[in-house]
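Everything on this sheet refers to the single structure shown next.
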Protein chains: 2
Amino acid sequence: MTVTPPVGDPAFEDLTARARIRDVALRLFAERGIEGATIRDIAKEAGVSAGLIRHHFGSKEGLREACDTHMLDRMMRIKEDAVLRGGMGDAGLFMSVHPTVLLGYRYFARAMVDGSPAAETTFDHMVDLGEEWLTAHGQVDTSDPRAYAAVLVAMQAGLLMMHDHVSRALGADVFTPEGSLRMIRAMVDFYSHALLSPELAAQAQAVLGQLGDQQPPTAAEPGSAGEGADDDRRDPH
Amino acid sequence: MTVTPPVGDPAFEDLTARARIRDVALRLFAERGIEGATIRDIAKEAGVSAGLIRHHFGSKEGLREACDTHMLDRMMRIKEDAVLRGGMGDAGLFMSVHPTVLLGYRYFARAMVDGSPAAETTFDHMVDLGEEWLTAHGQVDTSDPRAYAAVLVAMQAGLLMMHDHVSRALGADVFTPEGSLRMIRAMVDFYSHALLSPELAAQAQAVLGQLGDQQPPTAAEPGSAGEGADDDRRDPH
DNA sequence: GCGGGGACTATACAAGCGTATAGATTGCTG
DNA sequence: CAGCAATCTATACGCTTGTATAGTCCCCGC
């Protein structure tokens, strides 16, 4: 489950306690979520007392904000570095297997589920990037590039959240080289071919057109299907 | 944020307390996660005492299992109903806007993040279905239909987890008719066209081929990019 | 040498959690 | 009507959580 084993890495003990706490927090927040990772757990894995976390970061929220800004900074620098030394050709693919970037994606994907300002910023930024890319390489004919980009980014982030289920379905951990290769291959397949045939796509478009005119079913419509067979309802008396 | 307002729906008060608790729990679990929804919150919204939940379900884990099996049963019955009365043509599209199915998807997507046996079963089942569909309608040429299906299902479920970020990017709640229509339109666009051009796809395939031969970068390789500029490292003394 | 301040620990505290238990209420049945 | 079982509430217990505080250690400038 762990991506970067904290103890045992000789560079880890060389870090200051503050950096060690932050790195452990980044990993545990990504793995267990904000609420799931306790101050005491982080302190234990970082090899410090719980009080020291408060001393350095003020509160758990402060630690989380420090994680946010630090990881945001790291990923921005990696991204700038990548676009500087070469086009986004295979750089994007390389980045997806870069351990730091992978941790960053996992961290922010988790933060998006838990809710955090930095995660929102990251999401919006990636949607902006995707929208620009779509309009620049205008090969995808969509009438709504922003919605398209939003769906794309959300799916990508969501895929990371489901990693252990994908691993189970594949029979191989997607964070090992073999598993990740197999998953990325499937992703490339997914991105390079249309899933829906032109007939199915036209059919879906037609249904969407009808749905756009009439009123779609709202949430306040229970009992339309699959209900009424279990004894939920109280007997009238 | 709420999909089905509990109080105000005249059918809601007619339910037994047990069913009321279960329905509220399903919604709160889907919205806030298992840990995020407390027994007391559920009791409050269901209009009962916290002790009654224990009386009916034994424990929080019991309540969760009851939610799992109940929602599993509901969705299976809806699915059977759908395939019985017509092909899966636009039924799949209709189902995606069906309020009960939408709640079910949200519930299980959340349960997949939190980890639950029923969520695993649901995920695996959907992967199986997707794989069958892919091999039956063999229009997508992938060498690994299982991985393809797993990625597809994971992305779909992950998209639901990111709904408020998609809503923010779109400027409209995706659970309102307008927002959902716009998102589903983008999804149909996404599914009916290839995102990557043949050139980019070939390029990606080539990189993947190289990556398959050599050893990909492992997790234990820090400092490759974007590090070393901040004063993390302790001064030697 | 000697204050002084940052790094760090140990301990305690209030709040919220799931859970347990005792008792009140209700409705059915003999 | 008595009795019993199911339903439901009120209250408390133990645990974990984030947080607060007091105190120790150690390096560094004067």
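Per chain, numbering begins at 1; letters A, B, ... match sequence-line order. Side chains included, hydrogens not; waters and symmetry mates left out as well; all remaining heavy atoms used.
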Can you find a side chain N or O atom of A:His56 that sits less than 4.0 Å from OP1 or OP2 on C:dC8? yes
Using the side chain to side chain contact (heavy atoms under 4.5 Å, CB included) criterion, which residues pair with A:Ile34? Sequence neighbours excluded. A:Phe29, A:Lys60, A:Arg64, A:Asp114
Is B:Arg20 paired with B:Glu45 through a side-chain N to carboxylate O contact shorter than 4.0 Å? no
For atom CZ of B:Phe57 and atom P of D:dT7, their distance in whole Å: 11 Å
Can you list everything that forms a side chain to side chain contact (heavy atoms under 4.5 Å, CB included) with A:Val127? Sequence neighbours excluded, please. A:Phe123, A:Arg146, A:Ala149, A:Ala150, A:Val153, B:Ala169
Please report the distance, rounded to the nearest Å, between CG in B:Leu63 and P in C:dC17. 15 Å
Mind checking ring pair (Phe, Tyr, Trp, His ring centres under 6.0 Å) for B:Phe190 and listing every partner two or more places apart, or none if nothing turns up? A:Tyr148, A:Phe190
Using atom CG of B:Leu52 as one end and atom C1' of C:dA20 as the other, report the distance to the nearest whole Å. 15 Å
d(CZ, A:Arg18; C1', C:dG6) in whole Å: 13 Å
Taking only residues at least two apart or on different chains, which pairs with a member in residues 148-159 of chain B satisfy salt bridge (Lys or Arg N to Asp or Glu O under 4.0 Å)? none
Residues in side chain to side chain contact (heavy atoms under 4.5 Å, CB included) with A:Leu52, at least two apart? A:Ala17, A:Ile21, A:Val48, A:Ser49, A:His55, A:His56
Review item, nucleotides 16-23 of chain D N/O atoms under 3.5 Å of protein N/O:
residue	atom	partner	partner atom	Å
D:dG18	OP1	A:Lys60	NZ	2.6
D:dG18	OP2	A:Ile39	N	3.1
D:dG18	N7	A:Arg40	NH1	2.9
D:dG18	O6	A:Arg40	NH2	3.1
D:dT19	OP2	A:Lys60	N	2.9
D:dA20	OP2	A:Arg54	NH1	2.2
D:dA20	OP2	A:Arg54	NH2	2.9

Protein-nucleotide distance (A:Ile21, atom CD1; C:dA7, atom P), rounded to Å: 11 Å
Is any side-chain nitrogen or oxygen of A:His55 closer than 4.0 Å to OP1 or OP2 of C:dA7? yes
